[in-house]
Each structure stands twice: as C-alpha cells, then as structure tokens.
Amino acid sequence: MNNTHSIANDPFVHLPHLRGRFISPSESKARVTPKVLEKWDQSALERGSDITWRLPDDVREASRRHFMSQIEHAGDIWVFAYGSLMWDPAVYFEEVRAAALVGYQRRFNYKVIGGRGTPEQPGLVLSLMPEPDALCHGLAFRIAMPQVDEETAILWRREMLRGGYAPAFLPMETPQGSVHAIVFVAHASNPSYANDLTQEQTAHIVANAAGHLGTNGDYLFQLARQLRALDITDAYIEDLYQRVTQL
C-alpha cells in the first residue's frame, strides 16, 4: 500500500513491519476534504440536525492558521498519533516513527455524534488526558513542508470539526531523536466530554455505538491491534478491550 506523496525515500524505514498496516489516504473515509465535509453536512441535515452540528469553516480555519503561526518548525511538521491516526492517518507523510509523549494518558471520554456514533446513540473516541507520571506511546508522522498547509487543513477538519480538542505543540522522544509535534489533547471543559464514566459504562457505550465511519467497537479493536504490532502495552486499553469483547 502506497502512503507516500511524490517522495523518494521510504517512510517506513524505521518501522518496516507497519507497511500495509495503514489505510491509504486515497482510500480513507477520514480524509476530510471540502467535498467529504459537504456530504457529512447533507447527512446531518437529513437526520434533522442543522449546520450548528459543527464549527463554521471560517472559525475552524482561523484556529488552524493561528495555531500554525504560533509554533516554530523547520518547514516539515510532525503530528502525534495515539488513536485512530495510528492506523488511518488520512494524511500524506514522509516518515513515521515510534514516539513517546510524557505527561498524558489515553482515555475514551470524548462523545461523538458522527463517525463512530449518532445523536441518538453517541459513541466514544480517545482523547489525551494530563497525567504527570504517564507516558503515552504512539506514532509520529512527518509531513513535508510543501504539503503542510493542505494536510493540516485535512487534520483540522477531522480533529477540530466540533472543537473537541485543544491542539498543542509538544516535545516527544523517538528512537531517532527528540521532535516537537502537533498533538490533539483533551479539551476537557468541552460539553462533549464524559469524564465520570466507569470502565464498565465506557465498555457498554463502545460495544453498542456506530456511525458512518464504522462501529465504535472496531475503533477500539483496530487500536488494540496496532498497539500490539508496535509492542506497546496500555493497561487501560487492554482492560477495555477485554470488557467489550465479553459483551
């Protein structure tokens, strides 16, 4: 599977066993182009929602431009993947590395009414919650300078569709050296967050919700498989995986 975009080098040079384990951007339902977003809007209208189901385009784009203007990067940009980006990055990248972010942990606490849920039965997707002693292992994708504007616009339509994350530019370690990367961490004061769920309640929601991108359970299963492929142990995810498979 080709995940490159007019590049000469192998993006999987550091992690060759991940070749073929990503959905190609050209095939990804999560590559949110303006045309895709138009279809999502139409679907929302058909369900009885209105355009307020998401942030206006100008508000979302203004947040992206402001964020990008505030960070220092040498042309290329890194993006940290800890959830669905780990198997469905939906962006064209030049390089992928294993990466570790200090001070955050994965949690299924961000309610979604599209993608992996519906307004009638919201699903839960991952966020990163602050935890001083935690170490979150994931992937870092490097986007080449000529594609930064287009690919970060894709990312913002996907991750900031409803303003549910707080983008940050954080340092992290990779086997090839330290990098700073864009990280979509929890915006815990956002009303879409459910921070008081027990693990049992979380498992019940994940086991039963589904949306236009697939079932909530498949999101969890894909994540668990990719973590195992990378030899990443996440006790929280493993416990949730076991609970969901038993329901």
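At distances below 3.5 Å, at least one donor-acceptor pair connects side-chain atoms of Thr245 with backbone N or O atoms of Tyr241. Remark: the backbone N or O of Asp149 is paired with a side-chain donor or acceptor of Arg64 at under 3.5 angstrom. Formation of a donor-acceptor pair under 3.5 Å by the Arg116 side chain with backbone atoms of Thr215 is found in this model. Put simply, the side chain of Glu131 never gets that close to the backbone of Tyr104: no donor and acceptor are under 3.5 Å apart. Not one N or O on the side chain of Asn190 forms a donor-acceptor pair closer than 3.5 Å with the backbone of Tyr193. No donor-acceptor distance shorter than 3.5 angstrom exists from the side chain of His14 to the backbone of Arg97, with no hydrogens or angles considered. Remark: the backbone N or O of Ala229 is paired with a side-chain donor or acceptor of His17 at under 3.5 angstrom.
Smallest separation of non-hydrogen atoms from Leu128 and Cys136: CD2-SG, 3.7 Å. Of all the heavy atoms in Ala186 and Ser127, the pair that sits closest is CB-OG, 3.6 Å. Heavy-atom minimum distance, Asn109 versus Asn195: ND2-OD1, 2.9 Å. Nearest heavy-atom pair, Asn9 versus Pro11, reported as atom, atom and distance to 0.1 Å: O-CD, 3.3 Å. The shortest heavy-atom contact between Arg60 and Leu55 is NH1-O, 4.3 Å. Across Val32 and Trp40, no two heavy atoms sit closer than the pair CG2-CH2, 3.5 Å.
In this structure, Arg107 satisfies the cation-pi test against Tyr236, with its NZ or CZ atom closer than 6.0 Å to the six-membered ring centre and inside 45 degrees of the ring normal.
At a threshold of 4.5 Å between non-hydrogen side-chain atoms, the residues Arg21 and Arg225 count as touching. Thr202 places a side-chain heavy atom less than 4.5 Å from the side chain of Leu124. Leu139 places a side-chain heavy atom less than 4.5 Å from the side chain of Leu18. The shortest side-chain heavy-atom distance between Ile113 and Gln121 does not fall under the 4.5 Å cut-off. Taking the side chain as every heavy atom from C-beta outward, Gln70 and Arg65 never approach each other to under 4.5 Å. Contact check for Thr152 versus Phe67: no side-chain heavy atoms found under the 4.5 Å cut-off. In this structure, Ile237 and Leu223 have side chains that are in contact, with non-hydrogen atoms separated by less than 4.5 Å. Side-chain contact check for Met129 versus Val185: every heavy-atom pair is 4.5 Å or farther apart.
A continuous path of Ile, Leu, Val, Met, Phe, Trp and Tyr side chains, each step under 4.5 Å between heavy atoms, connects Ile154 with Ile182, placing both in one hydrophobic cluster. If you chain together hydrophobic residues whose side chains sit under 4.5 Å apart, Leu230 and Ile23 fall into the same group. At a threshold of 4.5 Å between side-chain heavy atoms, the hydrophobic network of Ile, Leu, Val, Met, Phe, Trp and Tyr places Val183 and Val102 in two separate groups. Leu170 is connected to Phe141 through a chain of hydrophobic side-chain contacts under 4.5 Å among Ile, Leu, Val, Met, Phe, Trp and Tyr, so both are in one cluster. Grouping the Ile, Leu, Val, Met, Phe, Trp and Tyr side chains by contacts below 4.5 angstrom, directly or via other members, places Leu213 apart from Phe108.
Separation of the Tyr219 and Trp87 ring centroids falls under the 6.0 Å cut-off.
In the model, Ser84 has a side-chain atom that pairs as donor or acceptor with a side-chain atom of Arg158 under 3.5 Å. Remark: the Ser192 side chain and the Arg162 side chain contain an N/O donor-acceptor pair separated by less than 3.5 Å. Between the side chains of Arg243 and Gln199, no donor-acceptor pair is found at a separation under 3.5 Å.
Arg142 CZ to Asp76 CG: the interatomic distance, rounded to the nearest 0.5 Å, is 5.0 Å. Rounding to the nearest 0.5 Å gives a distance of 10.5 Å between NE2 of His137 and CE of Met86.
Here the rule is ring pair (Phe, Tyr, Trp, His ring centres under 6.0 Å) with Phe184, and of Phe80, Trp156, Tyr82 only Trp156 fits it.
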With ring pair (Phe, Tyr, Trp, His ring centres under 6.0 Å) as the test, would you mind laying out the steps for His73 and Trp78 before giving the verdict? CA-CA 9 Å; His73 62 94; Trp78 291 90; over 10 Å; no
Go through it in stages, so that I can follow the logic: the residues are Arg19 and Asp10, the test is salt bridge (charged side-chain N to carboxylate O under 4.0 Å, His left out), and I'd like the CA-CA distance, side-chain angles, deciding distance and then a yes or no. CA-CA 10 Å; Arg19 197 188 317 276; Asp10 178 8; 3.0 Å; yes
Can you list the steps and then say if His180 with Phe169 is a ring pair (Phe, Tyr, Trp, His ring centres under 6.0 Å)? CA-CA 6 Å; His180 274 71; Phe169 196 56; 5.5 Å; yes
Salt bridge (charged side-chain N to carboxylate O under 4.0 Å, His left out) between Arg31 and Asp88: does it pass, once the steps are laid out? CA-CA 9 Å; Arg31 185 168 174 82; Asp88 188 8; over 6 Å; no
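No more than 12 heavy-atom neighbours from other residues, nucleotides or ligands sit within 6.0 angstrom of CD on Glu200. Annotation for Glu38: atom CD does not count as buried by contact number, only 12 or fewer foreign heavy atoms lying within 6.0 Å.
Not counting sequence neighbours, His204 has no partner by the ring pair (Phe, Tyr, Trp, His ring centres under 6.0 Å) test.
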